[in-house]
There are 2 protein chains.
Amino acid sequence: MRDVADAPKETIRRLLFYLRQLDCMLREGKERFSSEDLAEVLRMNPAQIRKDLSYFGEFGTRGVGYNTEQLANELRSILNLNKRWEFVLVGVGNIGVALLRNPELRKQGFEIVMAFDKDPRVIGKTIGEVTVEDVSHLRERVEQAGTRLAIIAVSVESAQEVGDSLVEAGVEGILCFAPCSLTVPKTIRLVPIDIAMELGLLVYGL
Amino acid sequence: MRDVADAPKETIRRLLFYLRQLDCMLREGKERFSSEDLAEVLRMNPAQIRKDLSYFGEFGTRGVGYNTEQLANELRSILNLNKRWEFVLVGVGNIGVALLRNPELRKQGFEIVMAFDKDPRVIGKTIGEVTVEDVSHLRERVEQAGTRLAIIAVSVESAQEVGDSLVEAGVEGILCFAPCSLTVPKTIRLVPIDIAMELGLLVYGL
DNA sequence: AAGTGTGAAAGCATTCACAGCA
DNA sequence: TGCTGTGAATGCTTTCACACTT
């Protein structure tokens with residue numbers, strides 16, 4: 001076993017990918033598998049899977065393979081996914097509403113506990129489990145609740161301002177759907193999802 | 001200038017990223033910049049930017065820098081984004097509706113021209129510009145229209161079946177929001193967006 | 001003087017190949 | 001025998017550093 005810190009950045013993304021597939025295998029009742037089995041459905045090299053896992057421990061049995069449920073638990077523990085994570089949502093437009101109504105996230109352990117918008121027509125409405133609040137209360141509410149994670153789903157025009165408020169409020173990680181770069185301190189974790197960019201990737205070379 | 005085929009996979013993703021920032025700079029009226037300027041806001045190495053561009057040509061002026069609008073046009077041409085792209089959407093749930101109502105995509109040149117669902121309560125409804133059709137007509141309708149690109153926004157349970165129909169219908173690229181792996185021929189381009197996985201990435205090591 | 005374009009070097013990540021264990 | 005775990009080799013990508021152009 002290597003040092004966990006040596007694990008390439010992409011390894012973490014792949015561990016999440018493996019975990020997703022393991023959950024799928026469990027639903028199908030597949031209790032055991034080899035790195036070759038998994039590599040085949042995921043279309044990758046089996047050595048890559050073994051190496052990725054080896055940064056964190058020895059989870060398999062030589063000559064046999066891996067136990068699906070056991071490895072899923074190990075991965076959840078490595079990835080910090082064996083607990084519930086609370087999020088604050090800023091921007092209750094099309095995407096924000098989709099997230100609030102999406103039962104999949106809660107199923108995976110992610111829960112939106114507060115939502116904010118600036119539009120008076122939306123403020124006060126209850127969507128899913130939360131009631132939308134005025135974004136002018138964002139900073140104090142988040143600071144007081146101690147929420148560590150946020151989702152930005154506002155327009156490009158408001159994104160930086162919202163990001164600044166979240167950082168001031170003490171948020172440590174931000175998932176951002178706004179199609180623009182956000183400037184935040186290096187200590188803040190930022191994961192962007194830009195749907196138009198992904199469509200662009202799809203279209204390249206077609 | 002190197003051969004375009006030598007460009008690393010990640011270079012394409014970064015070109016899209018540069019283009020997005022260039023559009024932002026244009027809105028702010030910034031007509032010229034150096035690789036160092038751009039690298040600073042994007043928090044990256046200026047040499048990386050120059051090298052990425054060098055796979056596709058020489059777009060700058062030594063001693064001066066790059067012209068924002070001109071480079072944006074070049075990038076759009078390299079990335080095939082100087083034309084409109086039509087998509088078919090399958091699955092008009094929370095995410096599907098958000099995409100149909102999202103004006104940002106159309107602004108970027110991506111247009112959803114057909115939408116399908118299996119739920120009779122949704123079929124026949126008009127959302128945004130399109131009327132939702134019965135998914136049982138998916139294959140014939142897409143084949144006949146010759147649509148090359150699709151977005152899958154259905155549940156895990158239906159995703160593979162929908163993917164198969166799309167492939168049969170002749171689709172060449174698929175953006176998939178379903179949180180599961182999809183098996184498609186190697187000739188089909190597949191870009192997955194799994195929001196729960198991105199949240200997992202955000203949470204790792206926190 | 002300023003900033004691009006690019007070989008060469010350095011730094012990473014992936015794959016191979018096989019020792020080691022059940 | 002079968003499959004894991006892993007050092008070593010291979011293959012990529014990023015960064016450096018400087019010749020070159022305006």
Side-chain angles (χ1 to χ4, degrees), chain A residues 1-18 21-22 25 30-75 78 201 204, chain B residues 1-18 21-22 25 30-75 78 201 204:
Chain A
M1 173 170 161
R2 281 160 198 67
D3 192 333
V4 168
D6 291 348
K9 170 100 184 5
E10 278 300 294
T11 289
I12 305 305
R13 189 174 277 279
R14 284 192 299 265
L15 292 186
L16 285 156
F17 189 47
Y18 303 154
Q21 191 59 33
L22 262 45
M25 283 158 53
K30 181 156 189 170
E31 291 175 12
R32 236 177 46 192
F33 67 95
S34 68
S35 60
E36 198 174 339
D37 295 340
L38 184 58
E40 192 175 348
V41 301
L42 298 182
R43 296 257 186 89
M44 45 185 303
N45 183 315
Q48 171 106 79
I49 295 174
R50 297 199 302 274
K51 172 81 68 173
D52 282 339
L53 296 175
S54 80
Y55 290 107
F56 298 91
E58 307 193 3
F59 306 115
T61 309
R62 289 167 200 231
V64 178
Y66 302 87
N67 177 287
T68 314
E69 187 166 6
Q70 190 183 311
L71 184 59
N73 287 335
E74 293 283 4
L75 287 179
I78 290 165
L201 209 56
Y204 173 74
Chain B
M1 175 170 162
R2 279 159 199 68
D3 190 334
V4 168
D6 292 349
K9 170 99 185 7
E10 277 301 294
T11 290
I12 305 305
R13 187 174 278 279
R14 283 191 299 264
L15 292 186
L16 285 157
F17 189 47
Y18 303 155
Q21 190 60 33
L22 261 48
M25 283 158 55
K30 181 156 189 169
E31 291 175 12
R32 234 177 47 190
F33 66 95
S34 68
S35 60
E36 197 174 339
D37 295 341
L38 183 58
E40 191 174 347
V41 300
L42 298 183
R43 296 259 186 87
M44 46 186 301
N45 184 317
Q48 171 106 79
I49 294 173
R50 298 200 302 275
K51 174 77 73 171
D52 282 339
L53 296 175
S54 80
Y55 290 107
F56 298 91
E58 306 193 3
F59 306 116
T61 309
R62 290 169 199 233
V64 178
Y66 303 88
N67 176 288
T68 314
E69 188 165 7
Q70 190 182 310
L71 184 60
N73 287 335
E74 293 283 5
L75 287 179
I78 290 165
L201 210 56
Y204 173 75

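Chain letters run A, B, ... following the sequence lines, proteins first and then strands; every chain starts at 1. What you are looking at is a predicted structure, and each value in this text was computed from that prediction instead of being measured.
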Separation of dT4(C) atom P from E74(B) atom CD, nearest Å, is 16 Å
Separation of dT4(D) atom C1' from N67(A) atom CG, nearest Å, is 15 Å
| message | Using a heavy-atom cut-off of 4.0 Å across all strands, would you classify S35(B) as base, sugar-phosphate, or nothing? | response | sugar-phosphate
From CZ of F33(B) across to C1' of dG3(C) the rounded distance in Å is 12 Å
Whichever of E36(B) and E10(A) has the more 5' nearest nucleotide on DNA chain C, that residue is E36(B)
Practice problem: Return no unless some side-chain N or O of R14(A) is found under 4.0 Å from OP1 or OP2 of dT14(C). | Solution: yes
Correct closest heavy-atom pair for Y55(B) and T11(B) would be CE1-OG1, 4.2 Å
Residue pairs meeting salt bridge (charged side-chain N to carboxylate O under 4.0 Å, His left out), one or both in residues 49-69 of chain A, sequence neighbours left out, come to R14(A)-D52(A)
Between M25(A) and the options R32(A), E31(A), K30(A), the side chain to side chain contact (heavy atoms under 4.5 Å, CB included) test singles out K30(A)
Margin query: Keeping D37(B) on the side-chain end and S34(B) on the backbone end, is there a donor-acceptor pair under 3.5 Å?
Written below: yes
CD of Q48(B) to OH of Y18(B), rounded to nearest 0.5 Å, is 5.0 Å
Within residues 40-48 of chain A, those residues having any heavy atom closer than 4.0 Å to DNA chain C are N45(A), A47(A), Q48(A)
Shortest non-hydrogen pair, N67(B) vs F33(B), comes out as C-CE2, 4.5 Å
Between CZ of R32(A) and P of dG2(D) the distance, given in whole Å, is 13 Å
From CD1 of I49(B) across to P of dT4(C) the rounded distance in Å is 9 Å
Here the distance between atom C1' of dT13(D) and atom NZ of K9(A), to the nearest Å, is 15 Å
To the nearest angstrom, the CZ-C1' distance between R50(A) and dA19(C) comes to 13 Å
Here the residues of residues 51-66 of chain B within 4.0 Å heavy-atom distance, strictly under, of DNA chain C are K51(B), S54(B), E58(B), F59(B), G60(B), T61(B), R62(B), G63(B), V64(B), G65(B), Y66(B)
Nearest heavy-atom contact between L53(B) and F59(B) is O-CE1, 3.6 Å
Correct closest heavy-atom pair for A7(B) and F56(B) would be CB-CZ, 4.0 Å
Rounding to 0.5 Å, atoms CE (M44(B)) and CZ (F17(B)) come to a distance of 7.0 Å
